[in-house]
Participant: 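Sharing a structure below in structure tokens format, with a few things to ask.
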Amino acid sequence: MAHRAVHIPVVCIASIDSFTALFLSIFIAFAAFETVNADNVFSASHTATVPISAARDLRYLLYDVNPPEGFNLRRDVYIRMASLVKTLRKEGDDWVLVLPPWGRLYHWQSSNIHQMRIPWGEFFSITSLQVNVPVVEFEEFIAENGGPFIDQVLVLQNYAEGWTDGKWEEKVDERPCIDKLMYSKDKQGYYRGWFWGYEETRARNVTCISAQGHASIMSPVLQKNITATSVMLDRAETLLHDHYAGKDYWDTRRSMVFAKHLRVIGDDFRAKYLNSSDDRDFTIYSEDWTRMKAKLGSAKGGPYLGVHLRRKDFIWGHREDVPSLKGAVKKIRSLMKKHKLEKVFVATDADEEESKELRRLLPDMVRFEPSTEDLELFKDGGVAIIDQWICAHARYFIGTSVSTFSFRIHEEREILGFDPKATYNRFCGDNEKECEQPTHWKIVY
Ligand SMILES: C[C@@H]1O[C@H](OP(=O)(O)OP(=O)(O)OC[C@H]2O[C@@H](n3cnc4c(=O)[nH]c(N)nc43)[C@H](O)[C@@H]2O)[C@@H](O)[C@H](O)[C@@H]1O
């Protein structure tokens, strides 16, 4: 395998919305992998055999994300990877994106339910994703690939030296691993790793790559330097969007249609508890996302205020842009009055104690509270989607500063055709001086 450094001049810097690995240390405790010395892995990469796909026809791109990152940040990384696959396909090879199974997410804390190896089909419409870019579930990849082997893992990392001369340039180079790797060699010389809980999965080779730039910066590396049939990019969040909020971004985002069974649960809940239906609220939805082109301002929304109130790790650091419960309730009351809304739907990850306090302060709030059976069926990810779907249909929405959970609701509302004024709103911290409101990202069709 050739290892050639590729340097690409900088074009522009896309929006960076990856979060720092705040709880990495907690997560590492869960990861019961032997770690290996980075230098050993690096040199090992030169001795392992990588099968060469002679015809360079069908190739698989797999990816994974820093373990502590949440569901909606991961949805964002999917957009970046889909963009990379489109670039790769334009440049010749028949690349397919392998969907990383869901599971073991830090925020999915419901106990006693199995939350591992969850296929994307449980949360999203696979046929809708397929219209945008070829995708396969991981188990399909195993079947098509003839076994649970991934030829090459590239662990993405920043540059140890940071930005040289304070200048930002796009570049990618094979480099020694900076951090200890979460991969270890088995007796046969293959690499074990997390691999989404698929214990039998192995990598034939693991190498570190320093990358600074947009997702498609990896295209020349994957096309020219690496000939393996299946390549996995680990720590894929290191790469930026090719063009944040551009047409390609929105095509991929629009193709991320929630699975029908979750939408149906959300719709039934709206009808039963919030007096909301698509006909009356002008939120008619088409599962065929290529036909969803609602005019901005055409959606009216159900007669309720939609709230996303992010708590837990957002308050532990006492961030100044997150309100106290009292502050949030005061804002909710004033919005209900202003918009003449009698009902409020609250989506929140508040713990038990805070949930009780919130109920005391806001006794009339409506929440989607899943039964044990519901939770077993939909899992924490499905419940999060139902919460988002209900918030997306509210007449007026307010979310939490810099939460990707709220951002995804903004996008869903943009797709449905809401007036931006009814969408791009966030709570302010109790003592926040300049409370800048979220940016309106208009759909490019
Ligand atoms: C501090 C950072 O926060 C970032 O979170 P942020 O962008 O809000 O959003 P997410 O990436 O979705 O992560 C937050 C997770 O918490 C749960 N959660 C949060 N709010 C709600 C809610 O209203 N309803 C339900 N059902 N679940 C909720 C849900 O599992 C969600 O995926 C993380 O992605 C980063 O990894 C990091 O932890």
Side-chain angles (χ1 to χ4, degrees), residues 15-28 30 64-80 100 102-111 113 115-116 118 122-124 235-238 256 258 262 265-266 269 305-323 325 328 332 344-352 354-355 358 362 365-371 374-375 377-392 394 397-412 426-427 438:
S15 155
I16 306 169
D17 64 354
S18 177
F19 291 95
T20 49
L22 195 55
F23 297 98
L24 184 59
S25 51
I26 301 169
F27 233 86
I28 285 172
F30 287 114
D64 203 2
V65 175
N66 193 20
E69 302 294 359
F71 187 43
N72 290 289
L73 193 277
R74 283 163 192 268
R75 286 174 64 190
D76 189 87
V77 177
Y78 169 80
I79 298 178
R80 305 176 209 184
W102 296 100
R104 210 182 65 164
L105 295 198
Y106 162 75
H107 304 90
W108 292 357
Q109 294 173 351
S110 294
S111 48
I113 54 166
Q115 307 214 56
M116 276 230 284
I118 306 172
E122 289 206 21
F123 298 143
F124 298 97
R235 300 295 305 268
E237 78 286 353
T238 308
M256 298 179 85
F258 291 137
L262 300 174
I265 298 289
F269 187 91
L305 174 70
V307 170
H308 174 232
L309 192 55
R310 182 78 158 79
R311 305 308 285 173
K312 288 208 177 126
D313 41 321
F314 265 43
I315 46 170
W316 293 337
H318 299 288
R319 283 177 25 182
E320 69 147 21
D321 55 353
V322 176
L325 286 183
I332 289 170
V344 53
F345 174 79
V346 179
T348 181
D349 61 333
D351 62 18
E352 223 178 295
E354 275 215 321
S355 290
L358 186 60
L362 196 62
M365 73 172 171
V366 178
R367 285 190 67 182
F368 178 76
E369 287 164 314
S371 63
D374 284 348
L375 202 53
L377 219 54
F378 312 135
K379 315 205 170 47
D380 282 324
V383 173
I385 287 174
I386 295 166
D387 267 349
Q388 288 183 312
W389 187 247
I390 300 169
C391 282
F397 172 72
I398 183 163
T400 302
S401 174
V402 304
S403 167
T404 54
F405 191 107
S406 292
F407 291 164
R408 301 290 90 85
I409 296 172
H410 296 163
E411 291 164 348
E412 213 62 46
R426 70 149 172 109
F427 288 105

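Predicted model only: the values in this text are computed from it and were never measured. Numbering of ligands and ligand atoms starts at 1, following listing order. Note that the numbering runs from 1 along the sequence shown for the chain.
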Participant: Do Gly70 and ligand 1 have an N or O pair less than 3.5 Å apart?
Facilitator: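 In this structure, Gly70 places an N or O atom under 3.5 Å from an N or O of ligand 1.
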Participant: Judging by distance only, is a nitrogen or oxygen of Phe314 under 3.5 angstrom from one on ligand 1?
Facilitator: no
Participant: May I ask which of Arg74, Arg310, His107 has a heavy atom nearer to atom 8 (O) of ligand 1 than the others do?
Facilitator: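 The option holding the nearest heavy atom is Arg310.
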Participant: Kindly state whether the ring of Trp389 and the ring of Phe269 have centres lying under 6.0 angstrom apart.
Facilitator: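 Trp389 vs Phe269: aromatic centres not under 6.0 Å.
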Participant: Within the 4.0 Å heavy-atom shell around Trp108, which atoms of ligand 1 are there?
Facilitator: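 Every atom of ligand 1 under 4.0 Å from some heavy atom of Trp108: 30 (O).
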Participant: Above 12 or not: heavy atoms from other molecules or residues under 6.0 Å from CD of Glu352?
Facilitator: no
Participant: Should Ile385 and Phe378 count as side-chain neighbours, where that means a heavy-atom distance under 4.5 Å?
Facilitator: no
Participant: To the nearest 0.5 Å, how far apart are CZ in Phe368 and OG1 in Thr348?
Facilitator: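 Spacing of CZ (Phe368) from OG1 (Thr348) equals 15.0 Å.
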Participant: Between Ile79 and Met256, is any pair of side-chain heavy atoms under 4.5 Å apart?
Facilitator: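 Answer yes - side chains close enough.
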Participant: Below 3.5 Å, N or O to N or O, backbone or side chain included: is there any such pair between Asp380 and ligand 1?
Facilitator: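 No; the residue has no nitrogen or oxygen that sits under 3.5 Å from a nitrogen or oxygen of the ligand.
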Participant: With no hydrogens and no angle check, just 3.5 Å: does a side-chain donor-acceptor pair link Arg367 and Ser355?
Facilitator: yes
Participant: In terms of relative ring orientation, are Phe124 and Trp102 parallel, tilted or perpendicular, with 30° and 60° separating the classes?
Facilitator: tilted
Participant: Counting heavy atoms only, name the option from Asp349, Val346, Leu309, Val307 that's nearest to atom 19 (C) of ligand 1.
Facilitator: Asp349
Participant: With respect to atom 23 (O) of ligand 1, which of Thr348, Ile390, Ile386, Asp76 exhibits the smallest heavy-atom separation?
Facilitator: Thr348
Participant: Nearest non-hydrogen contact with atom 9 (O) of ligand 1 belongs to which option: Asn72, Thr404, Asn66?
Facilitator: Thr404
Participant: Would you tell me which option among Trp316, Phe405, Tyr106 has the nearest heavy-atom contact to atom 31 (C) of ligand 1?
Facilitator: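 Ranked by closest heavy atom to atom 31 (C) of ligand 1, first place is Phe405.
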Participant: For atom 37 (C) of ligand 1, state which one of Leu73, Val383, Val402, Asp313 supplies the nearest heavy atom.
Facilitator: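 Looking at heavy atoms only, Asp313 sits closest to atom 37 (C) of ligand 1.
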Participant: Using a 4.0 Å cut-off to any heavy atom of Pro68, which atoms of ligand 1 qualify?
Facilitator: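 That gives atoms 36 (O) of ligand 1.
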Participant: Would Phe368 count as a contact of ligand 1 if the rule is a heavy atom under 4.0 Å away?
Facilitator: no
Participant: Out of all atoms in ligand 1, which are within 4.0 Å of some heavy atom of Asp387? Include the element for each.
Facilitator: 22 (C), 24 (N), 25 (C), 26 (N)
Participant: Where the side chain of Arg74 meets the backbone of Glu69, is there a donor-acceptor pair that is under 3.5 Å apart?
Facilitator: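 A pair under 3.5 Å: yes.
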Participant: Counting heavy atoms only, which of Lys312, Glu69, Gln109 is nearest atom 35 (C) of ligand 1?
Facilitator: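 Residue with the shortest heavy-atom distance to the ligand atom: Glu69.
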Participant: Is there a side-chain contact between Gln388 and Asn72, using heavy atoms and a 4.5 Å cut-off?
Facilitator: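 A side-chain contact under 4.5 Å exists here.
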